[in-house]
Engineer: 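The structure under discussion is supplied below as structure tokens; questions concerning it will follow.
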Amino acid sequence: MAEFDLIARIKARARQRSDVALGIGDDAALLLPPVGHQLAVTCDSLNVGVHFAVDAAPADIGWKALAVNLSDLAAMGATPAWVLLALTMPQADAVFVDGFLDGFCELAELADVALVGGDTTHGPLSVTVTALGFVPDGAALTRAGAQVGDIVCVSGTLGDAAAALHLLQQQVESDPPAVHALRARMQRPTPRLSLGVALRHRAHAAIDLSDGLLADLGHLAGASGVGIELEAEALPCSTALAAMFDPIERLRYQATGGDDYELAFSLPMEQLDTLRAVLGEGGVSLQRIGRVVAGEGVRLRDAQGVSILFKQQGWEHFSESGA
Ligand code: ADP
Ligand code: MG
């Protein structure tokens, strides 16, 4: 199969939007951003052997490649609109592309994003997505802006994906429902798009959790010029994680495990109830996990107030420990 046949396959399944004047097929896409908005743009790659296993299901790779990018837009308070897909493959593999599109297009439909272009090349399997979204002028959230006295909150639960990766490496079978649930969180993370929008004008700072809670909140604290104190007992834990690991073990995944794709944010305490009301019954759960203090860095404390330290704060590429 030739490159152009693959592109035709992709184009046939690409979601359309009325703000795309010209999509896949020309030298560049022509797009119609709404007035009074800023364009939020982000790009993330997934590489075989690093971000997914050689035998990962193509549909899961497709979902995740889009999800991690939409998560970045959510963290900025942006509404996603358009995406570009750069696919590098060892051979022109239509079966892989069809499977990949199953997952990619499923999430694209849910999030209402149009695939407007990309690139298809030859080489070791690698997927790069560029995502573009809108945020009203002045409403974008950044990592800077956390204020002393804010509370720090996180969506969903923490550590599930990292625990799933660990179990996979130990070759634990996925039969128990808890293992299955953890694995689903690793393979199909949920970008918190509604939450990101609801955080506009309410949160002071936000970040999505890709490298681990302590590492990512360290970025937020650094950008904001503040310190953060977290209570270990407050970190949200899924029933699946609690079923598979004792409290000490699971705390390491919750605090330092990567690939959560939850949002962490700081805001004035009185905003939390409003936020929950805006998100409504079906909205993602929100947990208060700590507070913003004067100083620098992130400290995690147990119920007695004793600091808990981990050898590694989170996932880092190019680190010597090989994480
Ligand atoms: P050019 O050589 O001008 O860059 P290409 O042959 O690479 O054009 O691509 C032709 C068209 O198909 C372009 O509109 C491009 O954006 C689109 N395209 C190529 N690969 C992909 C892909 N993997 N996903 C979506 N669109 C793609
Ligand atoms: Mg090209």
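Predicted model only: the values in this text are computed from it and were never measured. All ligand and atom numbering here is 1-based and tracks the order in the structure.
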Engineer: Parallel, tilted or perpendicular, judged at 30° and 60°: which one describes the rings of F134 and W82?
Structural biologist: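 If you compare the ring of F134 with that of W82, the planes turn out perpendicular.
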Engineer: For L30, what are the other residues in its hydrophobic cluster, where any two members join if their side-chain heavy atoms are less than 4.5 angstrom apart?
Structural biologist: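 Besides L30, the hydrophobic cluster comprises L22, listed by chain and residue number.
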Engineer: May I ask which of V127, V97, D27, L6 has a heavy atom nearer to atom 3 (O) of ligand 1 than the others do?
Structural biologist: D27
Engineer: Which of the listed options, I24, D26, I7, holds the heavy atom that is closest to atom 13 (C) of ligand 1?
Structural biologist: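 Residue with the shortest heavy-atom distance to the ligand atom: D26.
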Engineer: If the cut-off is 4.0 Å to any non-hydrogen atom of G25, which atoms of ligand 1 fall inside it?
Structural biologist: 11 (C), 13 (C), 14 (O)
Engineer: Can you list the residues that meet the ring-ring contact (aromatic ring centres under 6.0 Å, His included) rule with F52, with sequence neighbours excluded?
Structural biologist: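 For F52, no residue satisfies ring-ring contact (aromatic ring centres under 6.0 Å, His included) once neighbours in sequence are set aside.
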Engineer: State the atoms of ligand 1, each with its element, that fall below the 4.0 Å cut-off from a heavy-atom position in T120.
Structural biologist: 19 (C), 20 (N), 21 (C), 22 (C), 23 (N)
Engineer: Can you measure from CD (E3) to OG1 (T120) and round to the nearest 0.5 angstrom?
Structural biologist: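 Separation between the atoms: 5.5 Å.
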Engineer: Which ligand 1 atoms, with their elements, are less than 4.0 angstrom from a heavy-atom of E3?
Structural biologist: 6 (O)
Engineer: So does E233 have more than 12 non-hydrogen atoms from other groups sitting under 6.0 Å from CD?
Structural biologist: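 12 or below, so no.
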Engineer: Tell me the contacting part of I10 for ligand 1: side chain, backbone, both, or neither, using a 4.0 Å heavy-atom threshold, strictly below.
Structural biologist: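 It is the side chain that touches ligand 1; the backbone stays farther off.
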Engineer: Run the numbers for me: atoms of ligand 1, each under 4.0 Å from some heavy atom of F4, listed by number.
Structural biologist: 6 (O)
Engineer: Answer side chain, backbone, both or neither: which part of K11 comes under 4.0 Å from ligand 1, heavy atoms only.
Structural biologist: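 It is neither part, as no heavy atom is under 4.0 Å.
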Engineer: Would you check the N or O atoms of L85, main chain and side chain alike, for any that come under 3.5 Å of an N or O of ligand 1?
Structural biologist: yes
Engineer: With only distance considered, is V116 within less than 3.5 Å of ligand 1 through an N or O on each side?
Structural biologist: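 It does not: no N or O of V116 is found under 3.5 Å from an N or O of ligand 1.
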Engineer: Considering only NZ, NE, NH1 and NH2 on the basic side and carboxylate oxygens on the acidic side, decide whether D259 and K64 come within less than 4.0 Å.
Structural biologist: yes
